[in-house]
Q: 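I am attaching a structure below and will ask some questions about it afterwards.
For the numbers below, each heavy atom of this structure counts, side chains included, while hydrogens, waters and symmetry mates do not.
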Amino acid sequence: MASTEGDRRPKYQRIADSLREAIGSGEYGPGDRLPGENDLMAAHGVARMTARQALGVLQSEGLAESRKGAGVFVRAFRPLRRQGIQRLAREHWGVGRSVWASDVEDRTVVVDRVAVSEEAAPEEVRKVLDLRDEDAVCVRRRRYVLEGKPVLLATSYLPASLVAGSSVTREDTGPGGVYARLAELGFEPVHFREEIRSRMPTKEEAEQLSMSAGTPVILIHRTAFADEGRPVEFNEMTLDAASYVLEYGFDA
């Protein structure tokens, strides 16, 4: 590891940088155990809290993960590259493909904890979907698990009156998903808007996503619009920030 002498940065940051360099050079490969707190304390002459902070930095960056009772290991999971524009193209869902197909490539994704219900619309959703106070929404909740790692929580809201009796109200919406079914109902999405921000996860989110301590989540709010600007779906997504690279490609 590189020397940290003469460096004015906090000791924990210097140690974290040194470990990061060792991971980048291949000294520690995917799945390898990193030096533990006792090892770092002895090697760098620091207190346990400093050693713990250094390992915490790598965990928050998604480079390492803690395994209870075993230590901290280099993360073997390869982040998803989410192509924010291409993935929503009609050429995907219009021919029965999932919008996830462009993200996961040949990797295995499982959708679990699927729950579909009819509920009163939360105020924010009511405003986005231009609903009246008494209007209900069809709510679709699910979790996406890639190669055994939970990576995304998603909750979609659609006007209940618009999708009543359709496959949208079932757990399995069929080929092409919700957008293909909306198109069959005469409300094909022609425009999307996404808003993105980041924050620390709630306890429930961290548990559902099996997240390492200190890792933030990315929140994506997507609204789908049919012809004449009619909003037909509001999708609230919570992503494990360490599991994603967000990519946006567009012409100048």
Q: Would you say Tyr12 and His44 make side-chain contact, with heavy atoms under 4.5 Å?
A: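 They are not in contact (no side-chain heavy atoms under 4.5 Å apart), so the answer is no.
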
Q: Taking all atoms of both residues into account, what is the closest heavy-atom pair of Ala224 and Pro189, and its distance?
A: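 Looks like CB-CB, 4.3 Å.
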
Q: Kindly give the heavy-atom pair with the smallest separation between Val46 and Leu40, and that separation in Å.
A: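 Shortest heavy-atom separation between Val46 and Leu40 comes out as CG2-O, 3.9 Å.
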
Q: Taking side chain as C-beta onward, heavy atoms only, is Pro35 less than 4.5 Å from Tyr28?
A: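 Result yes, sub-4.5 Å side-chain heavy-atom pair found.
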
Q: Whether the side chain of Ser117 engages the backbone of Glu119 through a donor-acceptor N/O pair (distance < 3.5 Å, no angle test) should be reported.
A: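 No; judged by distance alone, with no hydrogens or angles, the pair does not exist.
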
Q: Using the rule given for salt bridge (charged side-chain N to carboxylate O under 4.0 Å, His left out), can you reason through Glu65 versus Arg67, listing the C-alpha separation, both sets of side-chain angles and the distance that settles it, and then say yes or no?
A: CA-CA 7 Å; Glu65 58 185 359; Arg67 300 178 189 171; 3.5 Å; yes

Q: Would you say that Ile218 contacts Ile220 through its side chain, given a criterion of any heavy-atom pair below 4.5 Å between the two side chains?
A: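 Side-chain contact under 4.5 Å: yes.
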
Q: Will you find, in the side chains of Glu195 and His221, an N or O donor that is under 3.5 Å from an N or O acceptor?
A: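 Short answer, no.
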
Q: Please answer: with hydrophobic residues joined when any side-chain heavy atoms are less than 4.5 Å apart, are Leu185 and Leu129 in the same cluster?
A: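 Shared cluster, no.
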
Q: Do Arg181 and Glu184 meet the salt-bridge criterion of a basic N to acidic O distance under 4.0 Å?
A: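 Yes, charged N to carboxylate O under 4.0 Å.
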
Q: For Cys138 versus Val168, what's the shortest heavy-atom pair and its separation?
A: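 Reported closest heavy-atom pair: SG-O, 4.1 Å.
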
Q: Ignoring hydrogens and geometry beyond distance, is a side-chain donor-acceptor pair present between Arg75 and Ser243 at under 3.5 Å?
A: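 The criterion, which ignores hydrogens and geometry beyond distance, is satisfied for Ser243 and Arg75.
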
Q: In this structure, is the centre-to-centre distance between the rings of Tyr179 and Phe187 below 6.0 Å?
A: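 Centroid distance Phe187-Tyr179: not below 6.0 Å, so no.
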
Q: Does the pair Glu228/Arg230 count as a salt bridge with the N-to-O cut at 4.0 Å?
A: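 Answer for the salt bridge query: no.
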
Q: Quick one: does NZ or CZ of Arg222 land under 6.0 Å from the six-membered ring centre of Phe234, within 45 degrees of the ring axis?
A: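 Not flagged: Arg222 not positioned over aromatic ring of Phe234.
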
Q: Is it the case that the side chains of Thr202 and Glu204 hold a donor-acceptor pair, with the cut-off being a distance below 3.5 Å and no angle test?
A: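 Side chains of Glu204 and Thr202: no pair found under 3.5 Å.
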
Q: Salt bridge (charged side-chain N to carboxylate O under 4.0 Å, His left out), that's the test. Do Asp17 and Arg20 meet it? Break it down for me.
A: CA-CA 5 Å; Asp17 290 347; Arg20 191 187 301 105; 2.6 Å; yes

Q: Side-chain donor-acceptor pairs under 3.5 Å in residues 145-160, sequence neighbours left out?
A:
residue	atom	partner	partner atom	Å
Glu147	OE1	Arg107	NH2	3.3
Glu147	OE2	Arg107	NE	3.2
Lys149	NZ	Leu209	O	2.9
Lys149	NZ	Asp240	OD2	2.9
Ser156	OG	Arg142	NH1	2.9
Ser156	OG	Arg142	NH2	3.0
Ser156	OG	Glu233	OE2	2.9
Ser156	OG	Asn235	ND2	3.4

Q: Using a strict threshold of under 4.0 Å (side-chain N to carboxylate O), is an ion pair present between Lys203 and Glu205?
A: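 Here Glu205 does not pair with Lys203 in a salt bridge, since their nearest N and O are not under 4.0 Å apart.
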
Q: Please step through salt bridge (charged side-chain N to carboxylate O under 4.0 Å, His left out) for the pair Glu171 and Arg113, ending with a clear verdict.
A: CA-CA 10 Å; Glu171 289 190 7; Arg113 302 187 183 182; over 6 Å; no

Q: Any side-chain heavy-atom pair from Ile15 and Leu55 closer than 4.5 angstrom?
A: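 They are not in contact (no side-chain heavy atoms under 4.5 Å apart), so the answer is no.
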
Q: Any heavy-atom pair between the side chains of Gln13 and Val57 that's under 4.5 Å?
A: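 Side-chain contact under 4.5 Å: yes.
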
Q: So, do Val217 and Arg199 sit near enough that their side-chain heavy atoms are less than 4.5 Å apart?
A: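 In contact.
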
Q: Evaluate salt bridge (charged side-chain N to carboxylate O under 4.0 Å, His left out) for Arg126 paired with Asp133, printing each intermediate quantity in order.
A: CA-CA 7 Å; Arg126 193 168 62 247; Asp133 291 351; 3.0 Å; yes

Q: Do Leu58 and Leu34 touch side chain to side chain, with heavy atoms closer than 4.5 Å?
A: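 Side-chain contact under 4.5 Å: yes.
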
Q: Would you say Met49 has more than 12 foreign heavy atoms packed within less than 6.0 Å of its CE?
A: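 Check fails, neighbour count at 12 or below.
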
Q: Do the non-hydrogen side-chain atoms of Asp39 and Arg33 ever get within less than 4.5 Å of each other?
A: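 Counting from C-beta outward, Asp39 and Arg33 do come under 4.5 Å.
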
